[in-house]
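Atoms within a ligand are numbered from 1 in the order they appear, just like the ligands themselves.
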Amino acid sequence: MSRLYNRVAFIGLGLIASSMAHAIRRAGLADSLTGTARSAQTRATADEIGLVNLVCDTAAEAVCGADLVVLCVPVGAMEAVAREIAPHLAPGATVTDVGSVKQAVIAAVGPHLPDTVHFIPGHPLAGTEHSGPRSGFAELFDNRWCILTPLEGAEADALHRLTQFWQGLGANVDLMDAAHHDLVLAVTSHTPHLIAYTMVGVADDLRRVTDSEVIKYSAAGFRDFTRIAASDPTMWRDVFLTNKDATLEILGRFTEELFVLQRAIRQGDGDLLHDYFSRTRAIRRGIVEAGQDTDAPDFGRAKTRAAQ
Ligand code: NAP
């Protein structure tokens, strides 16, 4: 894949931005990279590891001359960033973001941007529980999906170029309406995270099981919840504050299902439980067949340990 942009500017230099920077270099998608972060410490780290060609003190400086600007801050910080960069954007530039919620970002960012730029919201469905400029790696987006939620009237050329860009980063690209994106993600990501947070909170509260037992026997299932529940608190707070309606809808359905299973357990309804678990197993099989996870036992952990 050849160069698609001259200069890409990152606002926020965490997991997603740093992974994008590595993947851009891997594929030679841009001539130069600039970036900024809120704290001097993050900017110094980015500088030290050579994450981008130029680390700037302000977002306004970082976007100067950039033909692609990627907003990589928590969803709740998008509006302030949009306000700050708006007067400094180069005419014809594309502004995109990687926020986990799309309607709220569109409402927060859209009104501040000048008509001379193309605003194409996006969300790569890839991540880890780690944060910061050192946590990124070039393979993060390989064979993962990136959803773009272009607004009505988005310019075809700009959209095509951004699509090619994400493909160059290794991702598959889908276009979606922002409201639908938020509902889909409430099912596949946001509610599962809330459930993981809850389960880990329950274990923490339950005084009949000691902390050391929880940790010692965590491989029985709890461990996988803890990985999700270790995700960045700021990012996830903002997700639930901004994708409120869809998350509440899915949570409502979740609690109904939970009561169905609770009743089946109380009544000893083994058939219901067996049918239910057979259906969920088929969903897991579908995810593996779609190449979105490994079929290796224990999510491939045993293999990783053996290789070390
Ligand atoms: P991260 O590693 O925590 O990095 C966040 C970056 O944003 C940091 O550079 C931080 O600067 C900066 N920042 C935080 N608050 C800010 C503020 N109020 N004003 C300006 N800059 C601020 O986060 P990330 O995982 O890359 O997530 C970034 C975005 O990607 C979020 O919108 C998230 O929803 C989305 N996303 C995340 C994942 C995931 O799994 N992590 C997946 C897909 C999409 P400092 O370091 O100086 O604080």
Side-chain angles (χ1 to χ4, degrees), residues 9-23 33-49 51-52 55-63 69-85 95-106 108-109 112 121-137 139-142 144-149 166 169-171 173-174 178 181-182 184-186 188-190 192-193 196-197 227-243 247 292:
F10 294 106
I11 311 302
L13 291 169
L15 169 72
I16 300 295
S18 58
S19 296
M20 289 179 77
H22 292 305
L33 308 177
T34 65
T36 189
R38 175 179 51 175
S39 67
Q41 192 188 349
T42 298
R43 297 196 297 269
T45 304
D47 207 20
E48 187 192 322
I49 63 177
L51 189 61
V52 293
V55 177
C56 303
D57 285 342
T58 65
E61 285 170 69
V63 302
V69 175
V70 193
L71 311 183
C72 300
V73 296
V75 173
M78 295 277 180
E79 179 165 12
V81 166
R83 260 182 220 275
E84 184 187 345
I85 62 172
V95 177
T96 189
D97 75 295
V98 296
S100 305
V101 178
K102 296 278 52 94
Q103 291 176 104
V105 169
I106 291 170
V109 172
H112 300 290
H123 178 205
L125 308 192
T128 74
E129 67 278 28
H130 300 294
S131 307
R134 291 187 193 274
S135 60
F137 53 99
E139 297 78 22
L140 180 66
F141 309 108
D142 287 352
R144 295 285 169 257
W145 285 94
C146 178
I147 298 176
L148 300 179
T149 59
W166 275 107
L169 297 178
V173 176
D174 252 350
H181 164 279
D182 290 355
V184 170
L185 268 291
T188 58
S189 170
H190 304 167
H193 271 79
Y197 281 122
R227 188 191 66 73
I228 295 175
S231 300
D232 185 63
T234 306
M235 169 186 157
W236 285 97
R237 177 202 61 194
D238 288 0
V239 164
F240 293 115
L241 290 179
T242 56
N243 199 17
T247 315
Q292 295 302 305

Nearest non-hydrogen partners of Val69 and Ile11, listed with the distance: CG1-CG1, 4.3 Å
Side-chain (Asp174) to main-chain (Leu148) donor-acceptor, under 3.5 angstrom: no
List the atom pairs, donor and acceptor, that lie under 3.5 Å between side-chain atoms in residues 234-241 and the rest of the protein, sequence neighbours left out.
residue: Asp238; atom: OD2; partner: Gly76; partner atom: N; Å: 2.8

Val101 backbone acceptor or donor facing Asp182 side chain under 3.5 Å: no
contact_flag Gly76 ligand 1 heavy-atom lt 4.0 Å: no
For Gly99, atoms of ligand 1 separated by under 4.0 Å from a heavy atom: 32 (O)
Option of least heavy-atom distance to atom 13 (N) of ligand 1 (set: Ala44, Ala77, Gly122, Pro74): Pro74
Asp142 side, atom CG; Phe137 side, atom CZ - distance, nearest 0.5 Å: 9.0 Å
Minimum-distance protein heavy atom relative to atom 20 (C) of ligand 1: Arg38 CB, 3.8 Å
Atom indices of ligand 1, in the order listed, that fall short of 4.0 Å to a heavy atom of His123: 43 (C), 44 (C)
Top protein contact for atom 31 (C) of ligand 1, by heavy-atom distance: Val73 O, 3.3 Å
Ser18 side chain vs Gly136 backbone, donor-acceptor pair below 3.5 Å: yes
For atom 9 (O) of ligand 1, the protein heavy atom that lies nearest, with its residue and separation: Leu13 N, 2.8 Å
Enumerated ligand 1 atoms positioned under 4.0 Å from heavy atoms of Ser131: 2 (O), 3 (O)
Structural part of Gln41 in contact with ligand 1, heavy atom criterion under 4.0 angstrom: neither
Contact partition for Leu125 relative to ligand 1, non-hydrogen atoms under 4.0 Å: neither
Closest approach of any protein heavy atom to atom 27 (O) of ligand 1, naming residue and atom: Ile16 CG1, 4.1 Å
Contacting atoms of ligand 1, where contact means under 4.0 angstrom from a heavy atom of Gly12: 6 (C), 7 (O), 9 (O)
Minimum heavy-atom distance Arg38-Arg43, with the two atoms named: O-NH1, 3.1 Å
Minimum-distance protein heavy atom relative to atom 25 (O) of ligand 1: Leu15 CB, 3.7 Å
Nearest-contact summary for atom 33 (C) of ligand 1 - protein heavy atom, Å: Ser100 OG, 3.5 Å
Structural part of Cys72 in contact with ligand 1, heavy atom criterion under 4.0 angstrom: backbone
Ala59 versus Ile85, closest heavy-atom pair with distance: CB-CG2, 3.7 Å
Protein contact of atom 35 (C) of ligand 1 - nearest heavy atom, named by residue and atom, plus distance: Val98 O, 3.2 Å
Exercise: identify the closest heavy-atom pair between Ser100 and Val75: N-CG2, 3.9 Å
4.0 Å heavy-atom contact, Ile11 with ligand 1: no
Contacting atoms of ligand 1, where contact means under 4.0 angstrom from a heavy atom of Ala37: 9 (O), 11 (O), 47 (O)
Set of salt bridge (charged side-chain N to carboxylate O under 4.0 Å, His left out) partners for Glu61, sequence neighbours left out: none
Nearest heavy atoms of Ala37 and Thr42, plus distance in Å: CB-CG2, 3.4 Å
Nearest protein heavy atom with distance in Å, relative to atom 45 (P) of ligand 1: Thr42 OG1, 3.4 Å
Ligand 1-proximal atoms of Ala59, by part, heavy-atom distance under 4.0 Å: neither
Option with minimal heavy-atom separation from atom 43 (C) of ligand 1, where the choices are Pro124, Gly136, Ala46, Ser39: Pro124
Over all atoms of both residues, closest heavy-atom pair of Ser19 and Leu140: OG-CD2, 3.4 Å
Rounded distance (nearest 0.5 Å) linking atom CG of Leu33 with atom NE2 of His22: 10.5 Å
Atoms in ligand 1 with a heavy atom of Gly132 nearer than 4.0 Å: 2 (O)
